[in-house]
Enquirer: 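Please find one structure pasted underneath; my questions will follow.
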Amino acid sequence: MKAVQIYGGTNPLPHEHSGKKKMLIAIAVVVPLLIIVVAILTAWWIKRKKYNGENIGRTWQIVGEGFPKLESRQFSYNDLKKITNQFKTSIGTGGFGSVYLGLLEDGVQVAVKMHSNMSAQGVKELLAEAASLTRVHHKNLVSLMGYCIDENCMALVYEFMQGGNLHDKLTHNDRPLAWKQRLRIANESAQGLEYLHKACNPPLIHRDVKTTNILLTENLEAKLADFGLSRVFNNEAVVTHVSTRVVGTPGYLDPEYYLSNQLSTKSDVFSFGVVLLELITGRRPVVAGLDEGNLVQWVHQRLSEGDIKSIVDPKMQDGFDINSVWKVTNLACKCTEFTSSERPTMTAVVAELKESLDLESSATEMHTGATNSLITDVSHDSLEISFQSGMPAASGPSVR
Ligand SMILES: *[C@@H]1O[C@H](CO)[C@@H](O)[C@H](O)[C@H]1NC(C)=O
Ligand SMILES: *[C@@H]1O[C@H](CO)[C@@H](O)[C@H](O)[C@H]1NC(C)=O
């Protein structure tokens, strides 16, 4: 009785009033909840928008869901037959099969890289890697435009590079590359590699940086090829025979990685240093039968004798600024340090190469000659370069 009285109060609510009260309570609960949900969604949307905006503002771009046409195009075996005109024009042989020239509907030339004989595990890994790599775009990286994975074939479709690879350009004697062109190629391939290290999260380690993987356009613009997939293919090729999982090409292989099996971006820096030495000397990274062994040792040997000019590719004749060559040689030596922590980051390498390019440009403007004789006997040590490797790492979106 007492309870009823309290419940009813002095002004007992009629039945319809209590219904209204329930509704009021419901609204009081639901509306704030809705507001919270809307607020969260809005915040998420704004953040996402800002994030996309940031991406577009950088030199690199990772294609998102909004561009289905650009994202990982899948080809069937019949598509490949059509675009390569029945595999008519072979443009080379990779370690894993032939490469054919193809033509897409829109007139774009492509290189179709066939891969034969993969295990089921290899196919699975390739599929995962290829899908993510078609999203990696930079003007100094050869674009993976699509792939074909079915029971008839395994193939990767790349942008076609008319100028061939850097190794061929360096070894062929007709129309040798001038120093300035070599510097440009070094700068551009360094930019591509830096992108892989910084824009991709976790860093995409190339694992097989070498002159045959630096491809050139008709105008000698350089792009780095074959990134991201060497692990898949090298696992296939190597693991069955060798107990270690070391991946790479003799002459370019980071000795620390070889010993410790610890791979890092600095392993790519080592290989890039060897590429720089090839650009300077025009020599191959490993010379069979040579007393000095590999190119890194050969250059050190010559430099210890104090003669920079004796390492320079004779094909360049006198068409270079010796200061600029010195600077790049010094950089290459830093990159090929035995201990990875003493090697610069690719960001520092890019900065150094820019300075070398500036030196070469200003020397060209002053019509060199005079400067050449001036600097020849500057000692190696006086050109020590300090690297700022403490640059903040860009936190790009995840690619893999
Ligand atoms: C495929 O691989 C096996 C073993 O590695 C080899 O014996 C065979 O010849 C290969 N087949 C082709 C078509 O390459
Ligand atoms: C180095 O390469 C980048 C990327 O391709 C280019 O934007 C830049 O102008 C080049 N730097 C020099 C000094 O040529």
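Every value quoted in this text rests on a predicted model; they were computed, and no experiment measured them. Computed from heavy atoms alone, side chains included, the values below leave out hydrogens, waters and symmetry copies. When a ligand or atom number is given, it counts from 1 through the structure's own listing order.
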Enquirer: Please say which of Arg284, Arg283, Arg182 ends up in a salt bridge (charged side-chain N to carboxylate O under 4.0 Å, His left out) with Asp313.
Expert: Arg182
Enquirer: How about Thr249 and Lys210: does a side-chain donor come under 3.5 Å of a side-chain acceptor?
Expert: yes
Enquirer: Can you give me a line-by-line list of nitrogen or oxygen pairs between ligand 2 and the protein shorter than 3.5 Å?
Expert:
residue	atom	partner	partner atom	Å
ligand 2	2 (O)	Asn187	OD1	3.4
ligand 2	2 (O)	Asn187	ND2	2.4
ligand 2	5 (O)	Asn140	OD1	2.9
ligand 2	7 (O)	Lys139	NZ	3.4
ligand 2	11 (N)	Asn187	ND2	3.0

Enquirer: Are any non-hydrogen side-chain atoms of Val110 and Leu103 less than 4.5 angstrom apart?
Expert: no
Enquirer: When clusters are formed from ILVMFWY side-chain contacts under 4.5 Å, directly or step by step, what else is grouped with Leu24?
Expert: none
Enquirer: So among Asn140, Val136, Val350, which one has a side-chain contact (heavy atoms from CB on, under 4.5 Å) with Tyr195?
Expert: Val136
Enquirer: Within this structure, what is the NZ-CG distance for the pair Lys180 and Leu220, rounded to the nearest 0.5 Å?
Expert: 13.5 Å
